[in-house]
Amino acid sequence: MAGEDEDLPRDAKIVKTLLKSMGVEEYEPRVIHQFLELWYRYVVDVLSDAQVYSEHAGKAAIDCDDVKLAIQSKVNFSFSQPPPREVLLELARNRNKIPLPKSIAGPGVALPPEQDTLISPNYQLAIPKKQPTQAVEEMEEDEEPSEPKPPQEPKPSDVPQNTPQRVSFPLTKRTK
């Protein structure tokens with residue numbers, strides 16, 4: 001175990017010490033690498049934000065104030081404080097002024113209406129009727145029709161009916 005600690009980089013030893021100080025005795029070795037990745041990513045984000053603040057202020061280098069501002073903006077962006085207790089109490093009072101609706105259900109468990117349950121048919125299928133195929137002659141734009149055909153009015157039986165039909169299938173009980 002002592003030989004393993006000598007091979008670890010300084011940052012990994014610090015993470016290992018932090019875990020031990022928090023009472024974590026058993027963990028997988030990759031946990032240290034995951035903490036290191038999180039740590040490095042956080043530091044890079046903070047330092048890049050600090051660099052942006054420094055450039056905005058017209059400074060040649062990053063100073064302590066830029067880093068503090070970057071950390072503070074990370075904390076403000078990542079974590080939010082709960083509202084004060086007085087605000088929550090006022091919101092609760094306003095909400096509780098409105099009484100709850102009276103229950104009209106009888107004894108037993110209140111069930112939703114039958115159309116909202118999953119056991120009733122709740123879908124509709126539109127089954128189009130087949131139309132008779134008619135031969136359509138394609139004409140080029142510059143051709144004139146030889147004999148103009150009088151317009152045919154559709155018969156009531158030719159108009160497709162797109163009324164949805166309710167379809168349901170009975171569920172059968174499976175036997176084991």
Side-chain angles (χ1 to χ4, degrees), residues 1-127 164-176:
M1 182 102 180
E4 291 178 9
D5 287 348
E6 292 175 5
D7 294 343
L8 290 176
R10 183 181 65 93
D11 293 342
K13 289 178 186 176
I14 292 172
V15 169
K16 200 169 186 178
T17 306
L18 282 171
L19 288 171
K20 190 176 281 188
S21 71
M22 293 173 51
V24 178
E25 297 294 328
E26 293 183 30
Y27 50 86
E28 293 184 21
R30 65 182 179 170
V31 170
I32 293 175
H33 298 292
Q34 290 171 342
F35 273 120
L36 285 174
E37 182 181 340
L38 179 69
W39 183 6
Y40 292 153
R41 188 178 310 146
Y42 180 78
V43 169
V44 167
D45 286 348
V46 167
L47 289 178
S48 62
D49 288 350
Q51 184 178 12
V52 168
Y53 297 145
S54 175
E55 289 173 359
H56 181 72
K59 300 178 198 172
I62 299 173
D63 62 2
C64 186
D65 292 334
D66 296 326
V67 175
K68 286 180 182 178
L69 183 61
I71 291 172
Q72 187 62 41
S73 68
K74 277 261 186 239
V75 168
N76 289 341
F77 181 69
S78 300
F79 307 106
S80 63
Q81 296 293 326
R85 182 177 171 85
E86 293 79 26
V87 172
L88 290 175
L89 288 173
E90 183 63 29
L91 287 171
R93 270 190 230 102
N94 289 339
R95 175 59 70 180
N96 290 335
K97 284 180 184 176
I98 303 169
L100 292 174
K102 299 291 182 196
S103 176
I104 56 173
V109 179
L111 296 175
E114 188 172 330
Q115 69 264 14
D116 295 335
T117 60
L118 295 176
I119 58 173
S120 66
N122 59 354
Y123 51 89
Q124 295 178 348
L125 298 177
I127 303 172
Q165 299 174 356
R166 237 177 227 275
V167 178
S168 64
F169 303 98
L171 297 175
T172 58
K173 192 173 186 178
R174 290 187 187 181
T175 56
K176 293 185 178 181

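Applying the side chain to side chain donor-acceptor pair (under 3.5 Å) criterion to Asn76, with sequence neighbours excluded, gives Gln72. Residues forming a salt bridge (Lys or Arg N to Asp or Glu O under 4.0 Å) with Arg10 (at least two apart in sequence, or on another chain): none. When the salt bridge (Lys or Arg N to Asp or Glu O under 4.0 Å) test is applied to Asp45, the partners found at least two apart in sequence or on another chain are Lys74. Every residue meeting the side chain to side chain contact (heavy atoms under 4.5 Å, CB included) condition with Leu91, not counting sequence neighbours, appears here in chain and number order: Val87. For Glu90, the side chain to side chain contact (heavy atoms under 4.5 Å, CB included) criterion is met by Arg93, Asn94, not counting sequence neighbours. With sequence neighbours excluded, no residue forms a side chain to side chain donor-acceptor pair (under 3.5 Å) with Asp65. Judged as a side chain to side chain donor-acceptor pair (under 3.5 Å), and not counting sequence neighbours, Ser48 has no contacts. For Asp63, the salt bridge (Lys or Arg N to Asp or Glu O under 4.0 Å) partners are Lys59, not counting sequence neighbours. The side chain to side chain contact (heavy atoms under 4.5 Å, CB included) search around Val43 returns Trp39, Leu47, not counting sequence neighbours. Tyr27 is linked by a side chain to side chain contact (heavy atoms under 4.5 Å, CB included) to Lys16, Leu19, Val24, Val31, Ile32, counting only residues two or more places apart in sequence or in another chain. Residues satisfying the salt bridge (Lys or Arg N to Asp or Glu O under 4.0 Å) criterion with Arg30, sequence neighbours excluded, are Glu28.
Shortest non-hydrogen contact noted between Ser54 and Ala61 is OG-O, 2.9 Å. Across all their heavy atoms, Ala50 and Ala70 have their closest contact at N-CB, 3.7 Å.
Under the 3.5 Å distance criterion, the side-chain polar atoms of Asn96 are matched with a main-chain donor or acceptor of Ala92.
Atom CD1 of Ile14 and atom CG of Leu36 lie 9.0 Å apart (nearest 0.5 Å). From Leu38, atom CG reaches atom NE2 of His33 across 14.5 Å, with rounding to the nearest 0.5 Å.
Applying the salt bridge (Lys or Arg N to Asp or Glu O under 4.0 Å) rule to pairs touching residues 75-89 yields nothing, sequence neighbours excluded.
Across Asp66, Val46, Ile62, a single residue satisfies side chain to side chain contact (heavy atoms under 4.5 Å, CB included) together with Gln51, and that is Ile62.
Under the 4.5 Å side-chain criterion, counting only non-hydrogen atoms from C-beta, Leu18 is not in contact with Phe35.
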